[in-house]
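This report refers to the structure that appears directly beneath it.
What's counted below: heavy atoms across the whole structure, side chains too, no hydrogens, waters or symmetry copies.
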Amino acid sequence: MKKELLAVTCLFLAGGGMISCGSSPEAEKAPRKEIGIQLYSVRELIGSFGQNQQDYNTVLGQLADMGYTSIETASYSDGKIYGQTPEQFRKDAEAAGLKVLSSHCTTDLSDEELAKGDFTRALAWWDTCIAAHKAAGMEYIVAPSMRHIDNLKDLETYCRYFNEIGARCNAAGLKFGYHNHSGEFRKIENQVMYDYMIEHTDADKVFFEMDVYWAVMGQASPVDYFNKYPGRFRLLHIKDRREIGQSGMVGYDAIFNNAATAGVENIIVEIEASSYNDILRSVGECIDYLQNAPFVKESYQH
């Protein structure tokens, strides 16, 4: 269903929870906001990370009709994206009215690479990966996670690895970042992993895609991090336990009101789980929430 047929206005709790809705002529005139979606959200429909790939064209059209303007992919494998050449995937996405913005992909260091600090094999993988994403028209590549690390020596090696990837992305005209879960907020040798990673990577090579839900689940405040490390968070994953605003745990108003300090350039919805047996209903509710939230700007491009 077209987004313009769903225009509503809503009242919100201070913490971001929706309390009432009703149709309004003003809502129908509201400008379309730039809101991306991580395609991992619809993995049951189109697959993810090279597995169980299915035709994505219908789903891309449905997402665009809801009002999403860009996509972050989650299925790079062997030079292809969702089983298609990067060029074909870009054509398909743009035909649906979606910008190919970003991608989640990575290759972890092996035990031997981690021990020796030799990234030769991994960086060769990244060279192919970067070329594919450039052909797809991406602006950002994001490592969605990293292998389990339990000492600062290995974490420092990973920071050097990320700097090397970032330098290669920069040379190709892309930006490289890292996406957190809750585990990065634990301590290793009395240092918080996430803080260490931010402080031991170069700001011009590595940005951080703050997943606000997982930060909260790690007992961290996104806004505190924005203030502690201004400008390091080019992308935000806007997420909740299920649909955005569902849990009442995430203070979206404060997060968005501090987006300029964070350095945010784009916001991306991701669904971890659905309240319904209908993932499209869930992602539709998410964009409706953000479209109607008065604290969400039309665009975060500088």
Under a 3.5 Å cutoff, is there a donor and acceptor pairing between the side chains of His104 and His179? no
Ile238 CD1 to Tyr252 OH distance, which is reported to the nearest 0.5 Å: 7.0 Å
Given the rule in the side-chain hydrogen bond (donor to acceptor under 3.5 Å, both in side chains) test, do Thr85 and Gln88 qualify, once you have shown the distances and angles that lead to the verdict? CA-CA 5 Å; Thr85 65; Gln88 185 60 51; 5.4 Å; no
Is the side chain of Ser274 donor-acceptor paired with the backbone N or O of Tyr276 at a distance under 3.5 Å, no angle test? yes
Heavy-atom side-chain contact between Tyr68 and Cys286 under 4.5 Å: yes
Minimal heavy-atom distance between Glu189 and Leu152, with the atoms involved, is OE2-N, 3.1 Å
In terms of heavy-atom contacts, Thr157 and Gly117 come closest through CG2-CA, 4.2 Å
Taking 4.0 angstrom as the limit, do Glu265 and Lys175 come out as a salt bridge? yes
Is it true that Arg281 and Glu243 have a side-chain N and a carboxylate O under 4.0 angstrom from each other? no
So do Leu63 and Leu39 actually touch side chain to side chain, heavy atoms under 4.5 Å? yes
Answer yes or no: does atom CD of Gln301 have more than 12 heavy-atom neighbours from other residues, nucleotides or ligands under 6.0 Å? yes
Grab the two heavy atoms, one from Ile267 and one from Glu34, that are nearest each other, plus how far apart they are. CG1-O, 3.8 Å
Do the non-hydrogen side-chain atoms of Glu285 and Ile244 ever get within less than 4.5 Å of each other? no
Glu87 and Lys91 ion-paired at < 4.0 Å: no
Within the structure provided, determine whether Ile198 and Asp195 are in side-chain contact (heavy-atom separation under 4.5 Å). no
Arg160 with Glu164: basic N within carboxylate O range, under 4.0 Å: no
Find the distance between OG1 (Thr128) and CG (Asp78) and round it off to the nearest 0.5 Å. 9.5 Å
Within a strict 4.5 Å, meaning less than it, do heavy atoms of the Met197 and Leu155 side chains meet? yes
Between Tyr158 and His200, is any pair of side-chain heavy atoms under 4.5 Å apart? no
Spacing of Leu123 atom CG and Ile130 atom CD1 [to the nearest 0.5 Å]: 8.5 Å
Start with the C-alpha distance between Asp92 and Tyr82, add both sets of side-chain angles, then the distance that settles side-chain contact (heavy atoms from CB on, under 4.5 Å), and finish with yes or no. CA-CA 11 Å; Asp92 292 340; Tyr82 290 97; over 6 Å; no
Looking only at heavy atoms, the pair that brings Ile81 and Ala136 closest together is CD1-CB, 3.7 Å
Among Phe49, Phe89, Trp125, Trp126, find the residue that satisfies the ring-ring contact (aromatic ring centres under 6.0 Å, His included) test when tested with Tyr76. Trp125
Could you state the interatomic distance from OG1 (Thr201) to OH (Tyr196), rounded to the nearest 0.5 Å? 10.5 Å
Is a side-chain donor or acceptor of Glu184 paired with a backbone partner of Asn180 at a separation under 3.5 angstrom? no
Smallest separation among heavy atoms of Ser145 and Thr106, with atom names: O-CG2, 4.1 Å
Set out, in order, the CA-CA distance, both residues' side-chain angles and the distance that settles side-chain contact (heavy atoms from CB on, under 4.5 Å) for Glu72 and Leu101, then state yes or no. CA-CA 6 Å; Glu72 181 176 71; Leu101 181 70; 5.9 Å; no
Evaluate Glu209 against Ile268 for side-chain contact (heavy atoms from CB on, under 4.5 Å), listing each step before the verdict. CA-CA 10 Å; Glu209 180 178 58; Ile268 300 169; 3.7 Å; yes
ILVMFWY cluster, Phe233 and Phe256 together (side-chain gap under 4.5 Å): yes
In this structure, OG of Ser41 is separated from NE2 of His237 (nearest 0.5 Å) by 7.5 Å
Same apolar cluster (I L V M F W Y, side chains within < 4.5 Å links), Val216/Val264: yes
Do side-chain atoms of Asp154 reach the backbone of Ile149 as a donor and acceptor pair under 3.5 angstrom? no
Is it the case that the side chain of Arg147 and the backbone of Leu109 share a donor-acceptor pair, with hydrogens and angles ignored and the cut-off at 3.5 Å? yes
Could you go through Asp150 and His148, starting from their C-alpha distance and side-chain angles, then the distance that decides it, and tell me whether this counts as side-chain contact (heavy atoms from CB on, under 4.5 Å)? CA-CA 7 Å; Asp150 59 11; His148 180 76; 3.9 Å; yes
Would you say Trp214 and Leu236 are hydrophobically clustered, going by side-chain heavy atoms of ILVMFWY under 4.5 Å? yes
Just verifying a value: how many Å separate Met249 CE and Arg241 CZ, rounded to the nearest 0.5 Å? 4.0 Å
For the hydrophobic clusters of this structure (ILVMFWY residues joined by side-chain heavy atoms under 4.5 Å, transitively), does one cluster hold both Ile165 and Tyr178? yes
Heavy-atom closest pair, residues Arg232 and Val206: NH2-O, 2.9 Å
Classify the ring geometry between Phe119 and Tyr161 as parallel (under 30°), tilted (30 to 60°) or perpendicular (over 60°). tilted
Donor-acceptor check, side chain of Asn151 to backbone of Lys153, threshold 3.5 angstrom: yes or no? yes
Is Tyr56 reachable from Val100 through a run of hydrophobic residues whose side-chain heavy atoms are each under 4.5 Å from the next? yes
Specify whether Tyr225 and Tyr194 have parallel, tilted or perpendicular ring planes, treating 30° as the upper limit for parallel and 60° as the lower limit for perpendicular. perpendicular
With under 30° as parallel and over 60° as perpendicular, where do the rings of Phe162 and Phe176 fit, or are they tilted in between? tilted
Classify the angle between the aromatic ring planes of Phe207 and Tyr140 as parallel (below 30°), tilted (30 to 60°) or perpendicular (above 60°). perpendicular
With the side chain counted from C-beta on, respond yes when Asp211 and His181 share a heavy-atom pair under 4.5 Å apart, and no when they do not. no
Are Asn170 and Lys205 side-chain neighbours, meaning at least one heavy-atom pair lies under 4.5 Å? yes
